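Predicted model, so just to flag it, every value in this text is computed and none were measured. Each residue takes its place number in the sequence, starting with 1.
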Amino acid sequence: MKRILSVLSIFFTLQCSVLGVLQDKIPTPEFSFESLHIKQITFTDITLGIETSVSNPYPVSLPSSLLDMDIKIEGMKLSKVKTDLGAIEANKTKSLPLEVKLTYADLYQLYKKFPTKPMLEVSAEGNMKVPIPKQWQLLGKDSINFPFVQKKEIPAVLPDVEIRNFKILMPTESEILSASNTDALVGTTTNFLKGLLGGSKTPITSAAKAGLSGLNLNLKTEFDFVFSNKAASTFNLTDLKYNLQLAGENFLIGSPKEIINQGKESTVKVTNQFPIASIGTSLYKTIQSKQAVYQLKGDSGFLVPNLRENIPFSYEKKGNFQW
């Protein structure tokens with residue numbers, strides 16, 4: 001009996017040794033978690049970009065790559081991702097990017113829990129499961145699991161914007177004179193502008209439109225876009241571009257010459273001009289009434305002192321303002 005047990009022991013030892021050698025020689029897929037980063041910030045959410053890749057060493061394609069992942073902030077689970085990221089071609093490495101949106105509605109409770117914490121720790125914790133083709137399976141193992149934990153700091157942001165200090169400036173007499181060919185046109189232009197900027201309720205006539213259509217005169221405007229963060233992080237705006245519509249008409253498109261970053265508030269100083277001949281009926285009424293339905297949208301960089309990257313910031317807001 002002892003001899004039989006001894007023989008069986010040797011047999012199983014040899015079998016395990018052979019399987020170990022085979023296992024070492026048979027290639028296996030490889031998984032890489034390359035980055036967890038902030039892809040974009042908007043007025044409604046923060047988008048996290050997740051970059052992973054899987055290498056397929058086999059001469060046949062792998063049918064799937066199953067990702068099961070929790071997104072946690074300061075240990076609190078905010079999102080769960082469970083998805084098949086698709087097949088991986090034979091002898092190829094496939095990049096597997098993924099986006100996760102964190103809405104401010106979800107983040108707001110965290111901001112209340114950590115009201116003075118400017119940076120919050122976000123972690124991606126989960127498992128990537130990659131199947132093994134049948135001809136390369138050993139001991140019935142039909143897949144490989146790759147557990148992972150990746151962490152990143154994100155700023156506590158709840159951005160907003162207001163339009164302040166809006167002015168449309170009356171041109172000087174010399175500017176009107178240089179833009180007008182006749183004394184009559186000077187008078188027409190002056191009366192039109194006084195009515196427009198002085199709040200007169202007189203509607204613009206077709207004759208006035210015709211008379212001003214060829215006038216090479218610009219109206220200058222000054223105002224501020226004030227971007228603020230209602231959460232704890234400070235931020236700086238860079239390379240901002242804007243598109244402002246008033247009463248459904250394009251009003252100004254451009255980039256500011258000056259941005260004043262002060263902690264949790266960034267003031268964008270805008271000075272611009274637009275041709276008087278471009279004023280349509282809706283914009284004419286809007287300027288007369290000194291109040292406007294507006295739509296503001298654009299793009300910017302978003303610098304946070306604790307992070308080195310320049311985060312893309314896309315913004316869009318509709319509302320009303322008076323001046």
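- Here R164 does not pair with D224 in a salt bridge; the nearest charged N to carboxylate O distance is not below 4.0 Å.
- The pair D142-K134 does not count as a salt bridge, with every side-chain nitrogen at least 4.0 angstrom from each carboxylate oxygen.
- Contact of the E89 side chain with the N56 side chain is not registered, since no non-hydrogen atoms from C-beta on lie closer than 4.5 Å.
- Judged as a side chain to side chain donor-acceptor pair (under 3.5 Å), and not counting sequence neighbours, the contacts of K72 are E125.
- For the pair E249 and K285, the salt-bridge criterion is not met [side-chain N within less than 4.0 Å of a carboxylate O].
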Checklist entry - Does the salt bridge (Lys or Arg N to Asp or Glu O under 4.0 Å) test come out yes or no for E309 and K152, once each step is laid out? => result CA-CA 12 Å; E309 66 240 55; K152 172 82 175 182; 3.1 Å; yes
Checklist entry - For F31 and F148, what are the C-alpha separation, side-chain angles and deciding distance, and is it a ring pair (Phe, Tyr, Trp, His ring centres under 6.0 Å)? => result CA-CA 10 Å; F31 168 74; F148 60 83; 5.8 Å; yes
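- L102 has its side chain within reach of I71: a pair of non-hydrogen atoms, C-beta onward, lies under 4.5 Å apart.
- Taking OH of Y242 as the reference point, atom CZ of F225 lies at 6.0 Å (rounded to 0.5 Å).
- In K151, the NZ atom is not crowded: 12 or fewer heavy atoms of neighbouring residues, nucleotides or ligands sit closer than 6.0 Å.
- Under the rule for a side chain to side chain donor-acceptor pair (under 3.5 Å), the partners of T93 that lie at least two apart in sequence or sit in another chain are S55.
- Identified under the ring pair (Phe, Tyr, Trp, His ring centres under 6.0 Å) test for residues 69-118, with sequence neighbours left out: none.
- Just one of F43, F227, F313 meets the ring-ring contact (aromatic ring centres under 6.0 Å, His included) condition when paired with F302; it is F313.
- Between E162 and K317 there is no salt bridge, since no side-chain nitrogen of the basic residue lies less than 4.0 Å from a carboxylate oxygen of the acidic one.
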